[in-house]
Amino acid sequence: MKSLQTMVAACCISLVAVSGSALAEDSTKPIVIPIHNWSSQIVMAHVIGGMFESMGSNVEYVPADTQAVYESIRNGDVTISHEVWQSTFGKSFYNAMAKGGVIDAGTHEATTLEEMGVPTWVIEKDLCPGLPNWEALKEEACYKNFTTADSDGKGRWLEGPQSWHGDMMPIRLKALGLDEHWTVKFAGGADALWTELASAKKEERGTVVFNWTPNFTDAEGFTFIEFPEYTAGCRKEDGGDGGCGSPKGWLKKAANYKFPKTHPAAYTAFSKTSFTTKQVGEMAALVDTDKMDHKDAAKKWLADNETTWKAWTK
Ligand code: TMO
């Protein structure tokens, strides 16, 4: 039988616990959300910011480098990241976590792929017989259809901005023995990739570009090239020769370790936040297909999907 003392103690501890949680209120200090350089990320920043504001939080948006942001989250200059793509940012995310100060705030339902590929009509027109198998790229019947004015007679890969993956693609071309017939050019920004897709289609010429899913291109038909399978140590920075494709990966959320304590309600909602492939694709399409401004796109998305996100705030 419990002693009176134990029972009194148990009663008081539970009272403290109840009143403690009832009194926990989110700080009025702004939640700092980073803005990067692709559309779904910017729209989702404002979607999540809008959700936080609906709960009474203050929000601030800051432009941030896509790799250095994890160090900024670690030291508290930035509060969250809502699109941590495994292939491109997994290493920076875990490096910052290992130094202390970054927490894994959960995984979106959407799975991801970030890879070189072609618009599906390029395959239908047979501009590179054998695609999506990467070995098709070795053949002249293929690479001759992908030359451009600045590619020195080689087929051209249009990679994303160099700030995303450094020299990963030039290293891959070399490791796979493709560099004799292919070369990499870096796009200045994501918009240059979409401009290239549009002009290649108009001119009916072959094009290989870096792309990802979920994205607005999911709806239009885009085929990712199938490279030798990704394994844990295959990349140069992980000790390999780099002759591998990208992982079929996750899409995570990150937060500064103090966020759950300073903003418990907002953190709880952020932890529950999980977007599907379709939802992330829609956020990109509102800007890249429908040509809306990012903030207006987020307002529209929030208005059209109240039942989805309001459930996370309760
Ligand atoms: C990080 N990204 C979605 C552009 O590949």
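Remember, it's 1-based here, ligands and their atoms both numbered in the order they're listed.
- For Trp250, there are no ring pair (Phe, Tyr, Trp, His ring centres under 6.0 Å) partners at least two apart in sequence or on another chain.
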Pick out the protein N or O atoms lying less than 3.5 Å from any N or O of ligand 1, and list each pair with its distance.
| unit_1 | atom_1 | unit_2 | atom_2 | d |
| --- | --- | --- | --- | --- |
| ligand 1 | 5 (O) | Glu114 | OE1 | 2.8 |

For this session: Starting from the C-alpha separation in whole Å, work towards a yes-or-no answer on ring-ring contact (aromatic ring centres under 6.0 Å, His included) for Trp182 and Phe146.
Result: CA-CA 9 Å; Trp182 292 88; Phe146 296 82; 5.5 Å; yes

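- Using a 4.0 Å cut-off between charged side-chain N and carboxylate O, Lys144 and Glu140 make no salt bridge.
- Salt bridge status for Lys138 with Glu180: absent, with no side-chain N to carboxylate O gap under 4.0 Å.
- Among residues two or more places apart in sequence or in another chain, the side-chain hydrogen bond (donor to acceptor under 3.5 Å, both in side chains) test is passed with Thr147 by none.
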Throw together a table of side-chain donor-acceptor distances under 3.5 angstrom for residues 237-249, partners on residues two or more places apart or in other chains.
| unit_1 | atom_1 | unit_2 | atom_2 | d |
| --- | --- | --- | --- | --- |
| Asp238 | OD1 | Lys91 | NZ | 2.7 |
| Asp241 | OD1 | Gly243 | N | 2.8 |
| Ser246 | OG | Glu114 | O | 2.7 |

